[in-house]
2 protein chains.
Amino acid sequence: MIGGGPVAVTLDQVAEAAGVSKSTASRVLSGSSRVSDRTKRAVQSAAERLGYRPNRIASGLRTRRSNLIGLVITNLVNASFHTITGVLQQRLDECGYQVLLCVTDSDPVRERRYLDMLLDHRVDGLIIVGTGENTATVQQVSAAGIPVVNLMRTPDGTPGDSVMAGDRDGAELAVQHLLGLGHRRIAFIGGPPGVDSGRDRYAGFAAALTAAGLEPEPDLCARGPYTVPFGAEAVMRVMAADDRPTALYSANHEATFGALGALVQLGVRVPEQLSLVCHEEAPWFPYWHPPITVVDNGARDLGELAAEQILRRIDSRPDHGEPGPEGVGRLIRVGSRLVVRSSTMPPGRPG
Amino acid sequence: MIGGGPVAVTLDQVAEAAGVSKSTASRVLSGSSRVSDRTKRAVQSAAERLGYRPNRIASGLRTRRSNLIGLVITNLVNASFHTITGVLQQRLDECGYQVLLCVTDSDPVRERRYLDMLLDHRVDGLIIVGTGENTATVQQVSAAGIPVVNLMRTPDGTPGDSVMAGDRDGAELAVQHLLGLGHRRIAFIGGPPGVDSGRDRYAGFAAALTAAGLEPEPDLCARGPYTVPFGAEAVMRVMAADDRPTALYSANHEATFGALGALVQLGVRVPEQLSLVCHEEAPWFPYWHPPITVVDNGARDLGELAAEQILRRIDSRPDHGEPGPEGVGRLIRVGSRLVVRSSTMPPGRPG
DNA sequence: CCGTGCTGTGCAATCGATCCCACGGAGTAC
DNA sequence: GTACTCCGTGGGATCGATTGCACAGCACGG
């Protein structure tokens with residue numbers, strides 16, 4: 001502690017202290033080539049003694065690998081996104097990669113800037129929950145030889161692989177469950193039609209109804225942003241129908257909270273008067289009263305698979321081989337799972 | 001698209017295309033020194049034409065600045081943390097710094113590894129919500145000349161500045177509010193005593209009671225983890241008291257959700273039978289039924305101030321000046337604010 | 001005894017920027 | 001005309017690691 005100032009110890013110094021050349025020291029510390037046990041020990045102890053920490057910037061310049069992966073995501077608030085972010089970070093770290101976090105708030109301008117910045121930092125991979133407004137820039141990234149994985153959303157014309165949630169199937173699962181309980185008037189509160197999940201979940205909802213000989217009723221369907229106020233407003237709307245629904249499918253946890261609040265306010269009891277299923281898990285749904293039936297969209301799996309896919313692409317490009325898209329991007333779809341709790345039950349007799 | 005392979009354009013190439021030297025091209029693109037307008041235009045157009053993107057790794061090696069800031073955080077799930085993370089990232093980005101995200105899950109071993117890794121990446125700053133188990137390693141980081149900002153927690157012996165929530169004052173505020181409404185039997189559901197927020201919030205709770213001539217009653221106080229199940233269990237416990245409390249202070253939003261679920265289950269109505277105040281804002285509290293009175297611990301401000309503080313330290317160390325702690329670390333405390341909604345009211349007559 | 005191959009090590013080029021230093025020429029002062 | 005100051009520009013060292021190439025020493029087969 002007597003002067004271990006801010007000047008970091010370099011490999012040269014370690015080499016000198018160990019009485020070997022820089023090259024040998026490097027070989028020992030990165031374990032690439034064979035070195036005699038004696039020198040190995042000498043270098044290691046010198047490194048230890050001096051408190052040597054390799055400079056990844058220098059090493060990155062030479063090896064052309066930053067060990068950084070850009071994560072461009074629309075927000076962190078949504079339950080799926082922060083679960084995914086956590087899982088991703090952990091999995092990538094296990095393989096020596098770090099996450100450069102970029103939150104766009106769905107702003108294409110910020111997204112664009114982040115993409116350029118990630119290019120400048122020479123990230124080894126890009127995982128993106130995109131707005132769809134910058135596919136040209138994403139193309140540039142891909143053309144620069146950086147693997148791209150699209151997460152949750154695959155905009156038209158985007159390069160790279162995709163890891164997508166099984167939105168359509170999940171919504172179908174939820175509605176089939178409600179139909180199976182005997183519900184016929186099922187309301188839908190869903191996301192914006194312009195977003196993959198909004199579109200796909202509605203498609204699943206409609207498909208399940210159609211398969212049962214029913215069809216979506218416009219005044220039982222509300223589509224809008226994934227927000228608490230929208231959920232509340234939507235419930236007010238669908239519950240104002242002449243013939244009230246007996247069940248409600250709600251497409252994300254924020255909207256569901258809005259819905260739950262509004263239902264309490266309306267004095268509608270769940271599940272006695274209205275069955276409720278939410279398409280997204282949240283930590284407190286199992287503990288709610290009643291515990292909420294959900295479609296688990298596999299957020300953890302999404303993170304896991306996105307990490308694995310980007311790592312695979314990085315590995316399969318050992319030393320900046322071919323740049324181009326090797327065939328078309330691969331599409332991985334994560335299965336959804338219905339978790340039945342107590343917020344759904346057969347419809348009661350109309351009052 | 002005819003061969004813009006993965007090999008990136010370098011400054012040399014831009015310089016050559018513009019017919020100037022590498023030095024001049026650098027000067028134009030980093031705008032450091034005066035250059036004639038003619039050459040400036042030539043270089044800029046060449047850079048544009050070739051699609052030049054500066055290599056931050058190379059530049060970082062030379063300038064000894066990575067433009068990276070390490071964020072070591074215990075988790076992303078907690079509402080405050082993801083708000084803070086989002087704000088931090090945005091603020092730092094505005095000043096050209098990017099966030100290297102590290103989630104520890106409160107595991108000291110992972111924390112330790114992350115700190116070493118951040119050192120290797122030569123981050124320009126460290127913002128940490130620490131476990132308190134690695135102060136020695138944090139000392140190393142600080143000794144390496146990297147500014148450190150402790151967020152929400154300031155373990156004994158940690159170097160650097162601190163940006164802390166006004167936990168004690170906030171809890172006091174909440175309890176004073178309840179006392180002011182006429183409550184005398186106030187229950188406490190709080191965090192682990194080993195964590196700053198757990199300790200401070202309890203202290204504030206106790207202080208407010210003491211100032212009113214009361215004292216905390218052991219069977220109305222539950223202290224445990226910030227989890228939904230604990231909140232539920234704690235409510236069960238305090239509501240089992242012979243003389244039920246008329247008000248409840250709950251120390252974070254996860255526990256509050258557990259509590260709300262349990263209260264519904266017990267058939268206890270809020271606020272008629274029990275007033276509730278939560279020490280932490282969540283997006284849906286304003287929309288709940290009833291809207292929940294909260295102590296806003298200023299998560300956005302915490303992020304904002306932590307970002308500003310680290311940036312200030314980085315700037316005030318223009319070119320690796322003195323390493324040492326310039327005096328003691330600065331302590332910044334963020335004010336808490338009581339937001340009164342409808343979950344609190346004067347106590348009713350005992351039934 | 002000599003050629004061959006393997007092992008362990010060192011030398012020096014290299015990655016792509018930044019920036020100190022020097023230099024030529026124009027402008028100004030005396 | 002000489003000396004001096006700017007200004008714009010180029011040359012080249014430098015940051016700290018990695019890595020291709022060369023070479024010394026040793027073992028082994030013929």
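Side chains included, hydrogens not; waters and symmetry mates left out as well; all remaining heavy atoms used. Computed from a prediction, not measured in an experiment: that's the story for all the values here. Every chain is numbered from 1 and lettered A, B, ... according to where its sequence line falls, protein lines coming before strand lines.
In B:Arg153, the CZ atom is crowded: over 12 heavy atoms of neighbouring residues, nucleotides or ligands sit closer than 6.0 Å.
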Got a list of side-chain donor-acceptor pairs under 3.5 Å for residues 302-309 of chain A, not counting sequence neighbours?
from, atom 1, to, atom 2, distance (Å)
A:Glu304, OE2, A:Arg91, NE, 3.2
A:Gln309, OE1, A:Arg312, NH1, 2.7
A:Gln309, OE1, A:Arg330, NH1, 3.4
A:Gln309, NE2, A:Asp161, OD2, 2.9

Could you give the side-chain donor-acceptor pairs of residues 44-53 of chain A under 3.5 Å, partners two or more places apart or in another chain?
from, atom 1, to, atom 2, distance (Å)
A:Ser45, OG, A:Ala42, O, 3.3
A:Arg53, NH1, B:Asp120, OD1, 3.1
A:Arg53, NH1, B:Asp120, OD2, 3.2

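As rounded to whole Å, 13 Å separates atom C1' of C:dT9 from atom CZ of A:Arg38. One can place CG of A:Asp12 at 13 Å from C1' of C:dC11, the figure rounded to the nearest angstrom. What separates NZ of A:Lys40 from C1' of C:dT9 is a distance of 14 Å, to the nearest Å. Per the geometry, CG belonging to B:Asn67 stands 15 Å off P belonging to C:dA17, to the nearest Å.
Here A:Leu92 contributes atom CG and A:Ile69 contributes atom CD1; the two are 4.5 Å apart, rounded to the nearest 0.5 Å. In this structure, A:Ile84 CD1 and A:Gln89 CD are separated by 14.5 Å, a value rounded to the nearest 0.5 Å. The CD atom of B:Gln98 sits 10.0 Å away from atom CG of A:Leu68, with the distance rounded to the nearest 0.5 Å.
B:Ile57 approaches A:Gly60 most closely through the heavy-atom pair CG2-C, 3.9 Å. Summarising the geometry of B:Ser66 relative to B:His121, their closest heavy-atom pair is CB-O, 3.8 Å, with the distance given to 0.1 Å.
Taking every heavy atom of residues 18-30 of chain A and every atom of DNA chain C, pairs under 4.0 Å involve A:Val20, A:Ser21, A:Ser23, A:Thr24, A:Arg27, by number. Against DNA chain C, the stretch residues 52-62 of chain A makes heavy-atom approaches under 4.0 Å through A:Leu61, A:Arg62.
Residue pairs meeting the salt bridge (charged side-chain N to carboxylate O under 4.0 Å, His left out) criterion with at least one member in residues 127-136 of chain B: none, sequence neighbours excluded.
Listed by chain and residue number, A:Asp105, A:Arg110, B:Glu94 satisfy the side chain to side chain contact (heavy atoms under 4.5 Å, CB included) test with B:Gln90 (two or more places apart in sequence, or in another chain). Residues meeting the side chain to side chain contact (heavy atoms under 4.5 Å, CB included) test with B:Val148, sequence neighbours left out: B:Leu126, B:Ile128, B:Val138, B:Val141, B:Ser142, B:Asn150. Not counting sequence neighbours, the partners of A:Leu76 by the side chain to side chain contact (heavy atoms under 4.5 Å, CB included) test are A:Thr85, A:Leu101, A:Val103, B:His82, B:Thr85. Taking the side chain to side chain donor-acceptor pair (under 3.5 Å) definition, one finds that B:Ser106 meets it with nothing, sequence neighbours left out.
In the model, B:Arg112 has a side-chain atom that pairs as donor or acceptor with a side-chain atom of B:Thr137 under 3.5 Å.
With B:Asn134 as the fixed residue, the side chain to side chain donor-acceptor pair (under 3.5 Å) test singles out one of B:Arg113, B:Gln139, B:Glu111: B:Glu111.
Side-chain nitrogen and oxygen atoms of A:Arg34 include at least one within less than 4.0 Å of the OP1 or OP2 phosphate oxygen of C:dG8. Regarding contacts with the backbone of C:dT18, every side-chain N or O of B:Arg64 stays at 4.0 angstrom or more from both OP1 and OP2.
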Step-by-step side chain to side chain contact (heavy atoms under 4.5 Å, CB included) determination, B:Thr10 to B:Asn55: CA-CA 8 Å; B:Thr10 71; B:Asn55 184 330; over 6 Å; no
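Taking a heavy-atom distance under 4.0 Å as the criterion, the stretch of DNA chain D touched by chain A extends 5' to 3' from D:dG16 to D:dG20.
Rounded to 10 degrees, the angle between the two end axes of the helix from C:dC1-D:dG30 to C:dC30-D:dG1 is 50°, with five pairs used at each end.
If B:Arg122 and B:Ser36 are placed on DNA chain D by their nearest nucleotide, the residue sitting closer to the 5' end is B:Ser36.
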Nucleotide N/O to protein N/O under 3.5 Å, stretch nucleotides 22-28 of chain C:
none

